[in-house]
Participant: 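Mind having a look at this structure? Questions to follow.
Scope of the values below: all heavy atoms of this structure, side chains included, with no hydrogens, waters or symmetry mates.
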Amino acid sequence: MGCTKSKLVGPEVIENYPSFIRHEMHLTGPLLGPEATVKLAEVILKLPQLISVDLSKNSLKDMGGPDNVAAVIEALTHCEVLNTLKINNCQLGDDGAKAVAKHLPKLTVNRLELQGNGIQKEGMLALFEALAQSKARLVFLEDNLKCKEGSDEWMAVMHAENEASNARQRNLQVFMR
């Protein structure tokens, strides 16, 4: 029996996300299309007690771009006890990273995972600037930055990481390689 590609879920599925799920939301993909991503932001606003959200493997393109991702992250700022946010392998790139960074200081998240998203210097710098003001303590950024260790680009990102860590009085652990 062969494997078939998963279909994206529609907004009606997100709207009817089981009402008994109050603390964890696992929508690992590929599931989310543009309309479902917009609806997800609306649904999250009704779930202020979410503790963990996993949107991994939903591509930025499928989700409708950085603006839709930013809407979901903004909705998550209303979650009072959000501890873990996973957005791994979503092809965020720099634009998606900047969308996350825009609202990161307002999130209560302790653990942030953005692994395998093709985030380069511009996105990394935006993330580290936001991390300096955020509550995140564990940040996983492996499999992103594709530049030679010791290059100017690498050094700029390492400097930004150091600055974020210093601003947080070393209360920040970042995993990058």
Side-chain angles (χ1 to χ4, degrees), residues 6-119 123-124 126-128 130-131 133-144 164 168 172-176:
S6 298
K7 291 185 178 182
L8 300 178
V9 298
E12 66 284 349
V13 173
I14 298 299
E15 186 171 32
N16 294 312
Y17 198 78
S19 60
F20 60 86
I21 297 178
R22 298 279 184 235
H23 302 293
E24 294 187 11
M25 181 178 281
H26 299 281
L27 293 170
T28 56
L31 292 174
L32 299 174
E35 297 84 15
T37 303
V38 170
K39 183 56 73 177
L40 177 60
E42 295 171 16
V43 169
I44 286 171
L45 289 172
K46 299 174 188 173
L47 299 170
Q49 296 302 312
L50 278 174
I51 295 171
S52 177
V53 174
D54 189 349
L55 303 175
S56 297
K57 298 182 183 175
N58 287 287
S59 83
L60 177 68
K61 181 181 175 187
D62 286 346
M63 289 189 282
D67 291 341
N68 283 0
V69 172
V72 170
I73 302 303
E74 182 177 17
L76 288 169
T77 65
H78 297 278
C79 296
E80 302 158 357
V81 291
L82 184 65
N83 184 56
T84 302
L85 176 58
K86 297 179 183 180
I87 311 175
N88 298 316
N89 303 303
C90 292
Q91 304 163 357
L92 293 179
D94 288 342
D95 290 340
K98 288 189 258 181
V100 171
K102 180 179 178 182
H103 300 289
L104 187 56
K106 297 177 236 155
L107 290 174
T108 61
V109 70
N110 179 52
R111 179 187 180 108
L112 176 65
E113 294 185 20
L114 296 171
Q115 300 173 73
N117 279 302
I119 303 168
M124 288 288 191
L127 284 170
F128 284 122
L131 283 167
Q133 304 163 29
S134 81
K135 295 177 177 84
R137 295 180 62 187
L138 294 171
V139 181
F140 296 86
L141 297 169
E142 289 102 332
D143 299 322
N144 279 297
R168 299 277 307 281
L172 174 65
Q173 289 184 310
V174 178
F175 303 92
M176 287 188 56

Participant: Do L141 and V139 have side chains that approach each other closer than 4.5 Å (heavy atoms only, starting at C-beta)?
Facilitator: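 Side chain of L141 against side chain of V139, heavy atoms only: contact under 4.5 Å found.
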
Participant: Considering all heavy atoms of both residues, which atom of A101 and which atom of A126 are nearest to each other, and what is their separation?
Facilitator: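 For A101 and A126, the tightest heavy-atom pair comes out as CB-O, 3.5 Å.
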
Participant: To the nearest 0.5 angstrom, please state how far the CE atom of M63 sits from the CD atom of Q91.
Facilitator: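 It is 9.0 Å, given to the nearest 0.5 Å.
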
Participant: So do V72 and I44 actually touch side chain to side chain, heavy atoms under 4.5 Å?
Facilitator: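 Yes. Closest side-chain heavy atoms under 4.5 Å.
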
Participant: Taking C-beta and beyond as the side chain, do I51 and L82 meet within less than 4.5 Å on heavy atoms?
Facilitator: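 When only atoms from C-beta onward are counted, L82 and I51 do not touch, as no gap falls below 4.5 Å.
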
Participant: Which heavy atom in A99 sits nearest to a heavy atom in A70, and how many Å separate them?
Facilitator: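 The answer is CB-CB, 3.9 Å.
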
Participant: To the nearest 0.5 angstrom, please state how far the CG atom of L104 sits from the CG atom of L112.
Facilitator: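 So the CG of L104 and the CG of L112 are separated by 6.0 Å.
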
Participant: Within the 4.5 Å heavy-atom criterion, are F140 and V174 side-chain neighbours or not?
Facilitator: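 Contact flag for F140/V174 side chains = no.
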
Participant: Can you tell me if D143 uses its side chain to pair, donor with acceptor, with the backbone of Q115 under 3.5 Å?
Facilitator: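 No.
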
Participant: How close do H103 and T77 get, counting heavy atoms only, and between which atoms?
Facilitator: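 The answer is O-CG2, 3.8 Å.
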
Participant: Pair D95, K98 - check side-chain contact (heavy atoms from CB on, under 4.5 Å), show working.
Facilitator: CA-CA 5 Å; D95 290 340; K98 288 189 258 181; 4.1 Å; yes

Participant: Rounded at 0.5 Å granularity, tell me how far CE in M124 sits from CG in N144.
Facilitator: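 Output value for this atom pair is 4.5 Å.
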
Participant: More than 12 foreign heavy atoms under 6.0 Å from NZ of K57: is that the case here?
Facilitator: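 Counting other residues, nucleotides and ligands, NZ of K57 stays at 12 neighbours or fewer.
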
Participant: So does K106 have more than 12 non-hydrogen atoms from other groups sitting under 6.0 Å from NZ?
Facilitator: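 Result for NZ/K106: enclosed.
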
Participant: Just verifying a value: how many Å separate L50 CG and N83 CG, rounded to the nearest 0.5 Å?
Facilitator: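 Answer for the CG-CG pair, L50 versus N83, is 12.0 Å.
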
Participant: Do you know the tightest heavy-atom contact between L92 and A97?
Facilitator: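 Scanning both residues, the minimum pair turns out to be CB-N, 4.2 Å.
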
Participant: Can you tell if the side chain of Q49 reaches within under 4.5 Å of the side chain of E80, non-hydrogen atoms only?
Facilitator: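 In contact.
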
Participant: Can you spot which of L85, I73, I87 makes a side chain to side chain contact (heavy atoms under 4.5 Å, CB included) with V53?
Facilitator: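 Exactly one pass, corresponding to L85.
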
Participant: Please examine the side chains of S134 and L131, heavy atoms only from C-beta on, and report whether any two atoms are closer than 4.5 Å.
Facilitator: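 L131 vs S134: side chains touch.
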
Participant: Please tell me if the side chains of V38 and N68 come closer than 4.5 Å, counting only heavy atoms from C-beta onward.
Facilitator: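 Counting from C-beta outward, V38 and N68 do come under 4.5 Å.
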
Participant: Of all heavy-atom pairs between A71 and A41, which one has the smallest distance, and what is that distance?
Facilitator: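 The pair with the smallest heavy-atom distance is O-CB, 3.7 Å.
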
Participant: Quick check: closest heavy atoms across M25 and V43, and the distance to 0.1 Å?
Facilitator: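 For M25 and V43, the tightest heavy-atom pair comes out as CE-CG1, 4.4 Å.
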
Participant: K86: which residues meet the side-chain contact (heavy atoms from CB on, under 4.5 Å) condition with it, sequence neighbours left out?
Facilitator: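 Per chain and number, K86 pairs via side-chain contact (heavy atoms from CB on, under 4.5 Å) with D54, S56, T84, N88, E113.
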
Participant: Taking only residues two or more places apart in sequence, or in another chain, which ones meet K61 in a side-chain contact (heavy atoms from CB on, under 4.5 Å)?
Facilitator: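 Expected list: S59.
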
Participant: Just to verify, which of L55, N58, L45, L31 counts as forming a side chain to side chain contact (heavy atoms under 4.5 Å, CB included) with L40?
Facilitator: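 With L40 as partner, L55, N58, L45, L31 yield a single side chain to side chain contact (heavy atoms under 4.5 Å, CB included), made by L55.
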
